[in-house]
Amino acid sequence: MKRVPGAQFHNGQWFDPHDAARHPHAWRSPIPWPARIGVLPAEARCYQPREAAKPLDEPRNRHRETATTGPVHLVTGPSGVGKTQLVAHYLRTLWQAEDVDLIIWIAAASREAVLSAFSEAAELVDRGSAALPGADARAAHFLTWARDTHKRWIVVFDDLAETSVIERLWPTGNPNGRVIVTTTKDLGLPETPIAITLGGFRPVEAYEFIATSLLNEPELLDEAAELAEDLDHLPLALAQSAAYIRDQRITCADYRKRLNTVETSVAGTSELCAELADDLVPDSIARMLRDLLSYLDGRGVPVVVCSQPVILHHLGRFAGRPVSTQDVTAALDQLHRLGLVTRDAEFVQIASPTQAAAFGRIPADAHWLVTHVVAEALATAWPQKDADDALTRSLRDNATGLRDRAGEMLWTPDCHLLLLRLGDSLGAAGLAAAATVHFGQMARLALRHLGPDHPRTLVSRHRHAHWSGHAGDHDAAIEGFALLLSDRLRTLGADHPDTLDAWAQLATWQGRSGDAAEAAENFTVLFEQCVRVFGPDHTETLHVGDDLAHWLGEAQGPDAAVRVLAPLVEASSRTLGSGHPDTLATRHDLANWHGRGGHAAAAVGSLTALLELRERLLGPDHPDTLLTRHDLLNWRGVSGAAAEAAAGYEALVGDAKYVLGTGHPQTVAAKASWEYFAERG
């Protein structure tokens, strides 16, 4: 049962200032300028500069000193024409020339992807924003920074699907910033862009590309122009064709004859290259690996996924021999060399037309097996600690894509653990609304496939109710936990930990919705139950007692909270020790309730002693120490020493900015308190 006493409501969501461990950050760490966020696609072999890229260098307002916002570029065109490669190459040029401070590359297939990237950017530019409740709050913090900063930044929305993805997430208002959008659709953006329409190569560009790819060997270029015409000058198809010709040492004319045996498109060139890769890497490893990649997010598959034991075993079954990580690396290298994928040390990209061609050739009766192999690889590659970094975001994108592609295949014969992992990761990243939708869908499918009393059904319902509350729908959380509690009581009994947890969650959300009396009543009964089941000094009993004190105080007044907290401090000291974080947190709460009850002097005395202890145990820069300083100054100000409190808060604001960051809720609260007492001092 999660500890919630002392929780504060911040910008529409709850924040527990005592839970400092939830907000890890590198204290005093400098920002590593220049910085990149997101997976910048690896450059394709023999990249061909294009005339169409020139507008990227032409700002919309040439008089930058009078500009109020930076240029916006919209790069449109069908799949396979090189939109992503063109923009990625341009950004590498800026990066190498040190002409940009921050690049944010977002595979903009979903709103969650944008929120997650902006959330990471917020934590980069202000580490204190890591403590803001939810990705929406962190993204808003970044957008404010982007509007006001003197740093040069570029945000790329790659393969933007719909404008709803970027609604209220458009960075603007700063001439030092730029936005680039790539899309296959005709989208209306919030600002008028410089439009770049990309199609196939111009004939001269196509010929130059083939010639460069073939190392300008004249004997191979026979009918090169005709080959380009056959392939509609499409960069992806030409790249795969040139790779095949170069490897086989045949002429373009000979290749055209072979191409006549397959479809004259990316599907055809991909098929020829896949056959060649099979010849170069024994036992069909390359083709099979390409087929597995076709189930994933082609904009970025972590290389580590491709070498998971379940992948090696699956490839080995078809190869008829053991397959090693080195075999997979060799296959990826061949696929990259032949233009079927692009890759670097960490991620693999596969273009949409190539991916569609590979997926289309997989037999229908193989989909269930391959889906489960890929799901297991994603689940085992997931880090134990769910940091919201490029790897975790990529795993989420790939898991989401697999979930949507697989339909209900991941529910037979049971619910695959990847689905729970995905939902938990969405929630941990602050994407409460997305987690709510995901677990709501899981709960419905679990009920259909597994029945109402299956553990996965109950877990899905628990997660759905939990994230519904965090997404702002308190009524849904209350209803969900009330029904879940009834079913837990029926199936597990009143003493089971899962039943008690559902009970605590119900009471918590009742309190957070404004019904403190109902929350206090439920926690009173629950506390008695925990004393009977666990004993009066058990940690679970102590945590429920903290919750009881908080909601009793809200419902009946400070004296009711003090009556519960005073014996809890003694019990916690006996069980956990006088220096344990939970003991110190309970002492902190007790002091604040004394203050709220009109005994400010008692609160000052208690918090003074607590501050000395926390400084000795945790150090002066620990968030809990800073929080104790904050509350001690508050009660000093309430006691009549407003000028002393204002001076103390001024120093605290400086320390909090230095240690936690400008956007941390403790820093923001300290600044507000400083202003409050300064007016009264």
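Atoms considered below: every heavy atom in the structure, side chains included; atoms not considered: hydrogens, waters and symmetry mates.
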Give me the atom names and distance for the closest heavy-atom approach of A435 to G427.
CB-N, 3.8 Å

Main-chain N/O of L431 paired with E112 side-chain donor or acceptor, under 3.5 Å
no

Between Q240 and T354: side-chain donor-acceptor atoms closer than 3.5 Å
yes

In terms of heavy-atom contacts, S307 and T325 come closest through CB-CG2, 3.9 Å

Any donor-acceptor N or O pair under 3.5 Å, side chains T371, Y295:
no

With respect to T149, which candidate in D101, N174, L102, N176 satisfies the side chain to side chain contact (heavy atoms under 4.5 Å, CB included) definition?
N174

What one should report as the nearest heavy-atom pair of L143 and L169 is CD1-CA, 3.9 Å

Got a second to check how far H314's NE2 is from L289's CG, nearest 0.5 Å?
10.0 Å

With a 4.5 Å limit on heavy-atom distance, are the side chains of H367 and I362 in contact?
yes

All heavy atoms of I180 vs all of I154, minimum pair found to be CD1-CG2, 4.2 Å

Main-chain N/O of G300 paired to S394 side chain as donor or acceptor, under 3.5 Å
yes

Heavy-atom distance under 4.5 Å between the side chains of L418 and W382, does that happen here?
yes

Taking the side chain as everything from C-beta on, heavy atoms only, tell me whether V125 gets closer than 4.5 Å to W33.
yes

For the atom pair CD1 (I196) and CG (L56), what is the distance rounded to the nearest 0.5 Å?
4.0 Å

Rounded to the nearest 0.5 angstrom, the CG-CG distance for N398 and L422 is 10.5 Å

Report yes or no: do T380 and Q308 form a side-chain donor-acceptor pair below 3.5 Å?
yes

Within-4.5 Å side-chain heavy-atom neighbours: L293 and V348:
yes

Return a table of donor-acceptor pairs under 3.5 angstrom between the side chains of residues 218-226 and protein atoms on other chains or two or more places apart.
| unit_1 | atom_1 | unit_2 | atom_2 | d |
| --- | --- | --- | --- | --- |
| E223 | OE1 | R256 | NH1 | 2.7 |

Over all atoms of both residues, closest heavy-atom pair of P235 and G80
CD-O, 3.5 Å

Can you find a heavy atom in the side chain of W95 that is under 4.5 Å from one in the side chain of Y90?
no

Using the side chain to side chain contact (heavy atoms under 4.5 Å, CB included) definition, which of the options D254, I210, L227 pairs with I245?
L227

Given side chains that start at C-beta, do those of L369 and R317 come closer than 4.5 Å, heavy atoms only?
yes

If we ignore angles and hydrogens, is there a donor and acceptor under 3.5 Å between the side chains of Q441 and R444?
no

Interatomic distance, CZ@R343 vs CG@L335, rounded to 0.5 Å, equals 9.5 Å

Show your reasoning for whether side-chain contact (heavy atoms from CB on, under 4.5 Å) applies to W105 and T84.
CA-CA 11 Å; W105 184 281; T84 295; 3.6 Å; yes

Would you call R168 and D136 a salt bridge, taking side-chain N to carboxylate O under 4.0 Å as the test?
no

What orientation do F142 and F118 show, parallel under 30°, tilted 30 to 60°, or perpendicular over 60°?
tilted

Show your reasoning for whether side-chain contact (heavy atoms from CB on, under 4.5 Å) applies to I104 and R36.
CA-CA 6 Å; I104 303 178; R36 289 195 302 194; over 6 Å; no

Please round to the nearest 0.5 Å and tell me the distance separating atom CZ of F347 and atom CD of Q349.
8.5 Å

As an exercise, state the distance from CG of L115 to CZ of R138, rounded to the nearest 0.5 Å.
9.5 Å

Look at R111 together with E162 and state whether they make a salt bridge at an N to O cut-off of under 4.0 Å.
no

Salt bridge flag under 4.0 Å for residues R393 and D297:
no

Report yes if some heavy atom in the side chain of T183 is under 4.5 Å from a heavy atom in the side chain of V75; otherwise report no.
no

Side chains of S129 and E123 in contact at under 4.5 Å (non-hydrogen atoms)
yes

Donor-acceptor pair, E208 side chain versus E205 backbone, under 3.5 Å?
no

Quick one: is the NZ or CZ of R178 closer than 6.0 Å to the six-membered ring centre of W153, and within 45° of its axis?
no

Please report the closest heavy-atom contact between C306 and I311, naming both atoms and the distance.
O-CG2, 3.2 Å

Just checking, any donor-acceptor pair under 3.5 angstrom between side chains of E376 and H416?
yes

Do T392 and D389 have a side chain donor and acceptor closer than 3.5 Å?
yes

Worked check of side-chain contact (heavy atoms from CB on, under 4.5 Å) between Q248 and R258:
CA-CA 12 Å; Q248 293 293 285; R258 299 189 187 187; 3.9 Å; yes

Checking D344 side chain against E346 main chain: does a donor-acceptor pair fall under 3.5 Å?
yes

How would you list all residue pairs meeting ring-ring contact (aromatic ring centres under 6.0 Å, His included) that involve residues 174-208, not counting sequence neighbours?
F201-F209

Is it the case that more than 12 heavy atoms not belonging to E98 sit under 6.0 Å from its CD atom?
no

For atom CG of D404, is the number of surrounding heavy atoms from other residues, nucleotides or ligands below 6.0 Å larger than 12?
yes

Carboxylate-amine/guanidinium contact D158 K83, below 4.0 Å
no

Check whether any side-chain N or O of D327 sits under 3.5 Å from a backbone N or O of S324 as a donor-acceptor pair, and report yes or no.
yes

Determine, using ring centers only, whether W368 and H372 are less than 6.0 Å apart.
yes

Check: L426 main-chain N/O paired with H438 side-chain donor or acceptor under 3.5 Å:
no

Look at D397 together with R299 and state whether they make a salt bridge at an N to O cut-off of under 4.0 Å.
no

For the side chain to side chain contact (heavy atoms under 4.5 Å, CB included) test, which of I166, I106, I37, V72 pairs with V155?
I106

Test D424 against F439 for side-chain contact (heavy atoms from CB on, under 4.5 Å), laying out the working first.
CA-CA 9 Å; D424 288 341; F439 281 118; 3.5 Å; yes

